[in-house]
Q: 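Pasting a structure below so you can have a look.
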Amino acid sequence: MKHKRQKNAKRLVKFYAHNFGITAPYNVLVDGTFAKQALINKINIQEQLPKYLEGEVKLHTTTCGLYECEQMGSLFYGPLKVLRQYKELKCSHQPMNPVDCLFKQLKKGRPNTAQALAGTGFKGRRMNFFIATHDPTLSRKARTLAGVPLLFIANNAICLEKPTDKSKARAKKLLNEKLLPSHEREKLKEGSADEEEPKKKKKKIKGPNPLSCKKKKKTPALHGVQHSEISDGAKKRARKRRRRGKDEADLPDEEKQRLMKLVLEEAWGGS
């Protein structure tokens with residue numbers, strides 16, 4: 001039984017190494033549920049895991065995982081002591097659910113197409129993680145990511161889960177891409193590199209600041225008066241009329257006297 005389990009583990013490790021560039025030293029993310037199950041089954045993770053994977057192993061945990069064990073009190077006192085022996089990955093976010101925190105770490109370490117085609121994995125860039133957990137929610141989330149090996153404990157022994165259908169489909173796709181001519185592979189690498197670059201947000205064209213603009217002066221509306229009548233009235237008021245009195249005031253004195261005589265003569269004659 002032990003020989004068969006070891007043989008299956010070797011085959012699965014080769015699958016992840018060949019298709020996703022996951023090679024020794026293997027980085028393993030451990031949560032409190034896995035550490036607790038190991039204590040129940042009296043398994044020393046640091047001793048058994050390197051023998052099972054046949055390679056050097058680096059064990060990690062997160063700040064959120066330690067924080068949850070501390071909050072659980074005596075129930076997780078043993079797992080807390082175990083996790084404190086591993087390297088702590090500092091979290092840049094506020095304390096959150098360890099499931100979400102560990103899943104976030106797994107997403108950071110996924111391979112892209114260019115790395116897989118080149119066969120370089122994550123060397124010099126990011127860590128490729130195994131996930132060791134007994135949390136059903138985290139296990140379900142980890143299976144949605146291609147190329148993430150899942151470790152669990154069964155029958156008093158550490159086991160490696162078979163690759164998911166998503167991992168197999170991704171491996172098949174990468175194999176087909178490797179069989180392409182070199183110039184087409186270069187195009188795929190360039191395309192995957194462009195996809196990884198963060199998209200810059202376009203700045204929207206903003207209008208003028210409403211506070212800096214002058215408000216339009218509103219003309220008071222006159223009740224019962226049409227706009228056309230108002231405009232006609234304005235036009236009529238704009239006309240210049242010549243008044244008779246003003247014209248007579250402009251005449252010279254001699255002319256005024258002459259006109260006065262004519263007026264008097266007409267008046268006497270009429271009488």
Side-chain angles (χ1 to χ4, degrees), residues 12-13 16-17 19-38 45 49 53 57-72 76 79-80 82-116 120-153 158 160-171 173-174 192-201:
L12 295 175
V13 168
Y16 287 108
N19 295 293
F20 300 99
I22 301 176
T23 56
Y26 303 113
N27 296 288
V28 182
L29 266 177
V30 185
D31 71 345
T33 60
F34 188 86
K36 185 179 181 180
Q37 192 66 27
I45 299 172
L49 200 53
L53 297 178
V57 172
K58 293 181 180 181
L59 299 169
H60 304 269
T61 189
T62 61
T63 306
C64 293
L66 293 172
Y67 180 75
E68 185 196 38
C69 291
E70 290 173 358
Q71 296 298 312
M72 297 294 287
F76 271 75
L80 179 61
V82 172
L83 293 180
R84 279 178 175 168
Q85 299 174 16
Y86 308 153
K87 184 178 178 181
E88 180 185 348
L89 299 176
K90 300 291 183 182
C91 300
S92 59
H93 49 257
Q94 296 294 327
M96 62 190 303
N97 189 343
V99 172
D100 298 330
C101 178
L102 290 166
F103 184 66
K104 193 175 181 180
Q105 291 290 342
L106 291 175
K107 288 177 74 176
K108 287 181 182 178
R110 287 191 300 162
N112 58 27
T113 308
Q115 288 175 328
T120 56
F122 299 87
K123 295 178 181 178
R125 287 194 62 190
R126 296 174 292 188
M127 287 186 286
N128 47 320
F129 290 111
F130 284 69
I131 180 66
T133 182
H134 264 256
D135 189 295
T137 305
L138 181 57
S139 299
R140 186 174 64 253
K141 283 190 170 187
R143 292 186 188 103
T144 61
L145 303 176
V148 177
L150 179 62
L151 293 164
F152 62 97
I153 295 174
I158 298 173
L160 181 60
E161 190 175 87
K162 292 180 180 180
T164 60
D165 293 337
K166 195 166 187 178
S167 294
K168 290 177 182 178
R170 176 68 179 243
K173 183 181 178 182
L174 292 173
S192 61
D194 294 339
E195 288 175 2
E196 282 198 339
E197 292 180 1
K199 294 181 180 180
K200 295 181 179 179
K201 293 183 179 180

Q: Cut-off 3.5 Å, side chains only: do T133 and D31 have a donor facing an acceptor?
A: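 T133 vs D31: donor-acceptor pair found between side chains.
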Q: Taking all atoms of both residues into account, what is the closest heavy-atom pair of I45 and A35, and its distance?
A: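 Nearest heavy atoms, I45 then A35: CD1-CA, 4.3 Å.
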Q: Looking at T62 and L89, would you say the former's side chain and the latter's main chain have a donor-acceptor pair under 3.5 Å?
A: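 No; zero donor-acceptor contacts below 3.5 Å.
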Q: Got a sec: does the OH of Y67 have more than 12 other heavy atoms crowding it under 6.0 Å?
A: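 Check fails, neighbour count at 12 or below.
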Q: Using every non-hydrogen atom in the two residues, find where L80 and E70 come nearest and quote the distance to one decimal.
A: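 Shortest heavy-atom contact: CD2-CG, 3.8 Å.
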Q: Would you give the length of the straight line joining atom CZ of F103 to atom CG of L145, rounded to the nearest 0.5 angstrom?
A: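 F103 atom CZ to L145 atom CG measures 4.5 Å (nearest 0.5 Å).
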Q: Given F129, which of V148, L29, I22, L102 fulfils the side chain to side chain contact (heavy atoms under 4.5 Å, CB included) condition?
A: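 Going through V148, L29, I22, L102 one by one, the side chain to side chain contact (heavy atoms under 4.5 Å, CB included) with F129 is satisfied by L29 alone.
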Q: Between the main-chain N or O of T144 and the side-chain N or O of K166, is there a donor-acceptor pair closer than 3.5 Å?
A: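 Confirmed, K166 side chain pairs with T144 backbone.
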Q: Can you name the closest pair of heavy atoms from Y86 and L59 and give their distance?
A: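 In terms of heavy atoms, the two residues are closest at CE2-CD1, 3.3 Å.
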Q: Check whether any side-chain heavy atom of V82 sits under 4.5 Å from a side-chain heavy atom of V30, and report yes or no.
A: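 Side-chain contact under 4.5 Å: no.
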Q: For the residue pair H134 and F34, does the interplanar ring angle fall in the parallel (under 30°), tilted (30 to 60°) or perpendicular (over 60°) class?
A: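 Taking F34 first and then H134, their aromatic rings sit tilted (interplane angle of 30° to 60°).
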Q: Under the criterion side chain to side chain contact (heavy atoms under 4.5 Å, CB included), I'd like the reasoning laid out for F130 against L53: C-alpha separation, chi angles, the key distance, then a yes or no.
A: CA-CA 11 Å; F130 284 69; L53 297 178; 4.2 Å; yes
Q: Under the criterion side chain to side chain contact (heavy atoms under 4.5 Å, CB included), I'd like the reasoning laid out for E161 against L12: C-alpha separation, chi angles, the key distance, then a yes or no.
A: CA-CA 8 Å; E161 190 175 87; L12 295 175; over 6 Å; no
Q: Looking at every heavy atom in both G21 and N128, which two are closest together, and how far apart are they?
A: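 Reported closest heavy-atom pair: O-ND2, 3.9 Å.
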Q: How close do C64 and P98 get, heavy atom to heavy atom, and via which atoms?
A: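 So the two residues come closest at O-CG, 3.8 Å.
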Q: Using a 4.5 Å cut-off on heavy atoms from C-beta on, say whether the side chain of R170 contacts that of N19.
A: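 SC-SC contact between N19 and R170 ruled out.
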Q: I would like to know whether H93 and K104 meet side chain to side chain contact (heavy atoms under 4.5 Å, CB included); could you show each step before the answer?
A: CA-CA 11 Å; H93 49 257; K104 193 175 181 180; 3.7 Å; yes
Q: What is the distance from atom OG1 of T63 to atom CD of Q94, rounded to the nearest 0.5 Å?
A: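 The distance works out to 12.0 Å.
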Q: Pair Q37, F152 - check side chain to side chain contact (heavy atoms under 4.5 Å, CB included), show working.
A: CA-CA 9 Å; Q37 192 66 27; F152 62 97; over 6 Å; no
Q: Applying side chain to side chain contact (heavy atoms under 4.5 Å, CB included) between S139 and each of V99, T33, I131, L150, report the one that passes.
A: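 The option that passes is L150.
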Q: Please find the pair of heavy atoms, one from A142 and one from L106, that lie closest to each other, and give the distance.
A: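 So the two residues come closest at CB-CD1, 4.2 Å.
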Q: Are the side chains of K141 and D100 in contact, using a 4.5 Å heavy-atom criterion?
A: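 Touching, per the 4.5 Å side-chain cut-off.
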